[in-house]
Peer 1: 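Input: one structure, supplied below.
Counting convention: from 1, in listed order, for ligands and their atoms alike.
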Amino acid sequence: MSGLKTIARFFAVPDDPHLVQAQARAFTRQVPLMYGILLVNTLVLAATHDTAPDLLRLYIPGLLALTCIFRIVMWLHNRNKPISNDQARRMLRSTVQVAGLLGIGFPLWALSLYNYGDAFQRSHVAFYMAITGICCVFCLMHLRGAAMIVALCVVTPFTLVFVMSGNPVFVALAFNFAVVITALMWILLGNYRDFAELVASRAEMERKQQETQRLSDENNRLANMDSLTGLPNRRWFDRHLAEALETAKAEGRQIAVARLDLDSFKSVNDIFGQITGDRVLAEVAQRINSLRRPSTMVARLGNDNFALIMLEKTSEVAMQGCGDLLTAAMRPSFETDLGIVHLSASAGFAASRPGDTADTLYDRADYATWVAKREARGKAVVFTERHADELSRVRKLEHALHTADLDAEMHILFQPQFDVSLGRTTGYEVLARWTSPVLGVVSPVEFIPMAERIGMISKITQTVLRKALLVSAKLPRSLRLSVNLSANDLASTTAVEAIVDLVESYGTPCRVDFEITETAMMRDMKQASDGLVALLALGSRIALDDFGTGHSSLTYVQKLPLDRIKIDRSFVKDVTSDATSRAIIKTMVELCRNLGISCVFEGIETEEQLDVLLGLGGTVMQGYLFGRPMSEADMLERLAGQNKTWQFHRSRMFGAAS
Ligand code: C2E
Ligand code: MG
Ligand code: MG
């Protein structure tokens, strides 16, 4: 049974679709040739047998010739046409069947002529059968079954008839032919195996190539895609911006770039956790995408930063309109499993100008976003001429700061902090000043955020701290200096260690305190809090600066090792006229008292403000009324002359008798 199956499989058309296709391709070239040879040889054999009856000389060869012509036309017609695997299989199956029929038909006809000729004509029959048979087997070599059927159909009657003829020459001929056809079949079977293997290995190679291509396409897609939001990423954005700009330039068009930054997104991660933060980011991406025009491309540049490339509508009004839509789309709350998240986003737009590079264009959009964050948080700002002037100054400043000799160009001023209950100046806040040889005096309000942005703040902190430590050694023991720290100074262990090392190199316990802002805490509460502990270990005290302007989160006040809170001058400014400011200040004073920490008021400029603050329970004061930021020499001179102001205030507070 299994032997029959093996034989059936031997003659059957193979299952492998690649092999079937390859066989069909080879056949479209070789089979018409085979029928051509059959046709010609058959006609020639018929022509040499003029003594045979018409049936054998004309009609049967005519029918066989017509069959050949029909098959040639059919094969040529299907040549170069793409065919399906099923079609190819059907074609090959019919070839095997036709090979069987014709394999019987042609030899029988040829042998039927055997009795109608002389020795030469009989030799022609033998030659015709042998040579045409070998030719057909060769032409069918790519389909093992067909080649074998033809070989058997030719060799079997040939051998029988010629052996039975009794003529020793024909017997020898039959023997020769049987040997040749056997050897030929053996070779062809080997070739067929090689052919099948070659096709299989080529198919495998193609499969591997396709797999490699698929993986490389996938890699490429992943390398250009942000997996969280499914949007293109920074790499994709950079490449497409450069390409879009080049095309626009060549076509004399403008394009626009927008950046969209979520405001205080960090707090979403802090409060709700990263998984919720990620979901919010994915929804932000969806909201942006839903507003996207077909000609606009959206990408996520990283964290909470998104960017758009707009290929049309770059007028200021159109950009503002688009920006308003985008920022408005961020305002509706985001509903998450852990609660409702409220967000806003600031956006900056810039249109391309002749001569722009991708970097300069992006730089302008970036600057517009920065302006939006600073001046119109939660809204969109379009880059205009005003911004161009500012940006050019900012870049000049950045360059000057980068190349500054900080030791020589920076100096520090000291502003007194006066404790009215003790009746003396208890310390000085250290304020940095930068005089650039190129740009002149630059306010810290300008250069400190810039230094943070360009990664130079640590160097500035080190310079200011070094100078402050030198001065602190010259001051009476009762006086402390307060140095301002930026968020970046607490953002990493390395930055904190640099501060600790510097302080320790001047000897501890030190008389330098530090002022930090809430932004330092917001980035990474744990890291910042560890940093503060390291600073406390030096003997320093920590003040929370500008309280009331940022988040004013009681969590920070409660959880951090703070010694004092500095109430921002914006509250002090209105304290005489605004009942709300007074109420807030009263609450803050109460809060500090309950927590056992001191409270410093900033920016006291008038006697009236001081009166109100004293009435509300304030004790430590800082502001122009008590002294403007002054040089080291002025401070030392003032200390030497002792504090006359105190006499005045003391008498006001506690009466002339005291
Ligand atoms: P700040 O730490 O809140 O410093 C107080 C600012 O208020 C100082 O401005 C000071 O001159 C000003 N000021 C003090 N009293 C009055 C007043 O009565 N009225 C008015 N209108 N202003 C008053 P300054 O020196 O321009 O510094 C501004 C900010 O720059 C500082 O605010 C601080 O955040 C930052 N800064 C200054 N020096 C440094 C530093 O060395 N490192 C860091 N990281 N930041 C610094
Ligand atoms: Mg300060
Ligand atoms: Mg302050």
Peer 1: Above 12 or not: heavy atoms from other molecules or residues under 6.0 Å from CG of N303?
Peer 2: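 No - once you tally the heavy atoms of other residues, nucleotides and ligands closer than 6.0 Å, there are 12 at most.
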Peer 1: Using a 4.0 Å heavy-atom threshold (strictly under), name the region of E602 that reaches ligand 1: side chain, backbone, both or neither.
Peer 2: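 The answer is the side chain of E602.
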Peer 1: For Q622, state whether at least one heavy atom is located under 4.0 Å from any atom of ligand 1.
Peer 2: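 The answer is no: ligand 1 sits nowhere under 4.0 Å from a heavy atom of Q622.
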Peer 1: Please work out whether the ring planes of F418 and F626 are parallel, tilted or perpendicular, with thresholds of 30° and 60°.
Peer 2: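 Answer is parallel, since the angle falls under 30°.
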Peer 1: R433: heavy atom below 4.0 Å from ligand 1, yes or no?
Peer 2: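 The answer is yes, since R433 has a heavy atom less than 4.0 Å from ligand 1.
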Peer 1: Taking the Mg ion (ligand 3) as the center, what protein N, O or S atoms are found at less than 2.8 Å?
Peer 2: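 The answer, once waters are left aside, is D545 OD1, D546 OD1, E602 OE1, E602 OE2.
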Peer 1: How far is atom 7 (O) of ligand 1 from its nearest protein heavy atom, and which residue and atom is that?
Peer 2: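 Going by distance alone, atom 7 (O) of ligand 1 is nearest to R569 NH1, 3.0 Å.
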Peer 1: Look at atom 34 (O) of ligand 1 and say whether a protein heavy atom is found at less than 4.0 angstrom from it.
Peer 2: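 So far as the 4.0 Å threshold goes, atom 34 (O) of ligand 1 is out of reach of every protein heavy atom.
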Peer 1: Could you point out which residue of T369, D263, D261 forms a side chain to side chain donor-acceptor pair (under 3.5 Å) with S346?
Peer 2: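 When T369, D263, D261 are each tested with S346, the side chain to side chain donor-acceptor pair (under 3.5 Å) holds only for D263.
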Peer 1: For E446, look at atom CD and say whether over 12 heavy atoms of other residues, nucleotides or ligands are found less than 6.0 Å away.
Peer 2: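 More than 12 heavy atoms, drawn from other residues, nucleotides or ligands, come within 6.0 Å of this atom.
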Peer 1: For L431, counting its heavy atoms only, list the atoms of ligand 1 lying under 4.0 Å from any of them.
Peer 2: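 With L431 as reference, the close atoms of ligand 1 come out as 4 (O), 8 (C), 10 (C), 11 (O), 25 (O), 37 (C), 38 (N).
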Peer 1: Please determine whether the number of non-hydrogen atoms from other residues, nucleotides or ligands lying under 6.0 Å from atom NZ of K373 exceeds 12.
Peer 2: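 Atom NZ in K373 is packed in, count exceeds 12.
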Peer 1: Which protein heavy atom lies closest to atom 18 (O) of ligand 1, and at what distance to 0.1 Å?
Peer 2: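 Sorting protein heavy atoms by distance from atom 18 (O) of ligand 1 puts Y624 N, 2.9 Å first.
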Peer 1: Whether the side chain of K396 engages the backbone of L391 through a donor-acceptor N/O pair (distance < 3.5 Å, no angle test) should be reported.
Peer 2: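 Answer holds: no.
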Peer 1: Look at the side chain of D226 and the backbone N and O of T229, then say whether any donor-acceptor pair between them is shorter than 3.5 Å.
Peer 2: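 It does hold such a pair.
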Peer 1: Among V483, N484, L465, which residue places a heavy atom closest to atom 43 (C) of ligand 1?
Peer 2: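 The nearest heavy atom belongs to N484.
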Peer 1: Measure from atom 36 (N) of ligand 1 to every heavy atom in V572, V430, L485, I448 and give the option owning the shortest one.
Peer 2: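 That would be I448.
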Peer 1: Near D545, which atoms of ligand 1 are under 4.0 Å from a heavy atom of that residue?
Peer 2: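 Under 4.0 Å from D545, ligand 1 has these atoms: 1 (P), 2 (O), 3 (O).
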Peer 1: How close does the nearest protein non-hydrogen atom get to atom 24 (P) of ligand 1, and which residue and atom is it?
Peer 2: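 Looking at atom 24 (P) of ligand 1, the protein heavy atom closest to it is P444 CG, 3.7 Å.
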Peer 1: Does an N or O from A432, backbone or side chain, lie closer than 3.5 Å to an N or O of ligand 1?
Peer 2: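 Yes; the residue has a nitrogen or oxygen that sits under 3.5 Å from a nitrogen or oxygen of the ligand.
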